[in-house]
Amino acid sequence: MTDAEASRSDASALPVEYTEAPGGMTGAPGPLLRLVRDRRIAFLLVGGANTAIGFAFFVFFDLTVGAYVDENVNRVAGSLATLACAHVLSVLCAFVLYRRFVFRVTGHVWRDLARFEMVYLVSIGINAVVLPVLVQFGIERILAQAMILVVTTLISYFGHQHFSFRRPEESEAKSRGGEQS
């Protein structure tokens, strides 16, 4: 049995509400989805884990890169350096987690990663403006980042749900002469 056949077999074993994904995403259920049986819950569990991992990256880079740049340049530059370093690793980690454990889409890795990053660019744009302002107002960088996470988490949730891993509906793909992957 090929991977594609196994993927279809896995998906057909679940009721339709478990295999239909938000935003037109398709693919066999990821291992987490098979366990919790609800894509929204799987999405939130991975999102929670990703938020914790991303925040840990932020703290690590704050204590290393951020502290170094604070001393040698200034606190605003230190905040932005911390944010940039944490962003790169957080996005790559999140992409792998969502793609592997929740959506299990196939093909289009680079396109999906680009779309995934576009969602996070909105979040980091907001973060890059608000974080230095909060730090300038005297709020510690880690606390300021925790405050910003509330807003950026909501942006990420809706962006990934409707954009990052979206696949055209089967009828759209056929009308364009393409296969759904």
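Bear in mind the structure is a predicted one, so any value in this text is a computation, not a measurement.
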State, to 0.1 Å, how close Ala81 and Val65 come at their nearest heavy-atom pair, and which atoms those are.
-> CB-CG1, 3.9 Å

Would a hydrophobic clustering, with Ile, Leu, Val, Met, Phe, Trp and Tyr connected at side-chain separations under 4.5 Å, put Trp110 with Phe95?
-> yes

Given Asn127 and His87, is the side chain to side chain contact (heavy atoms under 4.5 Å, CB included) satisfied, shown in steps?
-> CA-CA 10 Å; Asn127 208 328; His87 174 80; over 6 Å; no

Smallest separation among heavy atoms of Cys93 and Phe57, with atom names | CB-CE1, 4.4 Å

Short side-chain to backbone donor-acceptor contact, Asn50 and Val46, under 3.5 Å = no

Please test Val151 against Val130 for side chain to side chain contact (heavy atoms under 4.5 Å, CB included), starting from the C-alpha separation and ending with a verdict.
-> CA-CA 11 Å; Val151 175; Val130 176; over 6 Å; no

Specify whether Phe58 and Phe55 have parallel, tilted or perpendicular ring planes, treating 30° as the upper limit for parallel and 60° as the lower limit for perpendicular.
-> parallel

Nearest non-hydrogen partners of Pro132 and Leu80, listed with the distance = CG-CD2, 3.9 Å

Would a 4.5 Å heavy-atom cut-off, applied to side chains only, mark Gln145 and Leu83 as touching?
-> yes

Give, for atom CG of Asn74 and atom OG of Ser79, the distance between the pair rounded to the nearest 0.5 Å.
-> 8.5 Å

How many angstroms lie between atom CZ of Arg75 and atom CG of Leu131, to the nearest 0.5 angstrom?
-> 9.5 Å

Are any of the side-chain heavy atoms of Ile53 and Leu97 separated by less than 4.5 Å?
-> yes

Identify the heavy atoms of Ser156 and Val119 that sit nearest to each other, and give their distance.
-> CA-CG1, 3.9 Å

What do the steps show when you test Arg99 against Leu113 for side chain to side chain contact (heavy atoms under 4.5 Å, CB included), and what is the final call?
-> CA-CA 10 Å; Arg99 191 172 170 92; Leu113 180 58; over 6 Å; no

State, to 0.1 Å, how close Val91 and Glu117 come at their nearest heavy-atom pair, and which atoms those are.
-> CG1-OE1, 3.2 Å

Spatial distance of atom CG (Leu44) from atom OG1 (Thr153) [nearest 0.5 Å] = 10.5 Å

Between Leu45 and Phe101, is a side chain to side chain contact (heavy atoms under 4.5 Å, CB included) present by the stated rule, with each step listed?
-> CA-CA 10 Å; Leu45 289 172; Phe101 292 105; over 6 Å; no

The reported gap from CG in Leu149 to CG in Leu154 (rounded to nearest 0.5 angstrom) is 10.5 Å

Under a 4.5 Å cut-off applied to non-hydrogen side-chain atoms, are Phe43 and Val36 in contact?
-> no

Quick one: pull up CD1 in Ile142 and CG in Leu63 and give me the separation to the nearest 0.5 Å.
-> 5.5 Å

Can you name the ring-ring contact (aromatic ring centres under 6.0 Å, His included) partners of Tyr120, sequence neighbours left out?
-> Phe116, His160

What closest approach, in Å, do Gly78 and Arg141 show between heavy atoms, and which atom pair accounts for it?
-> C-NH1, 3.3 Å

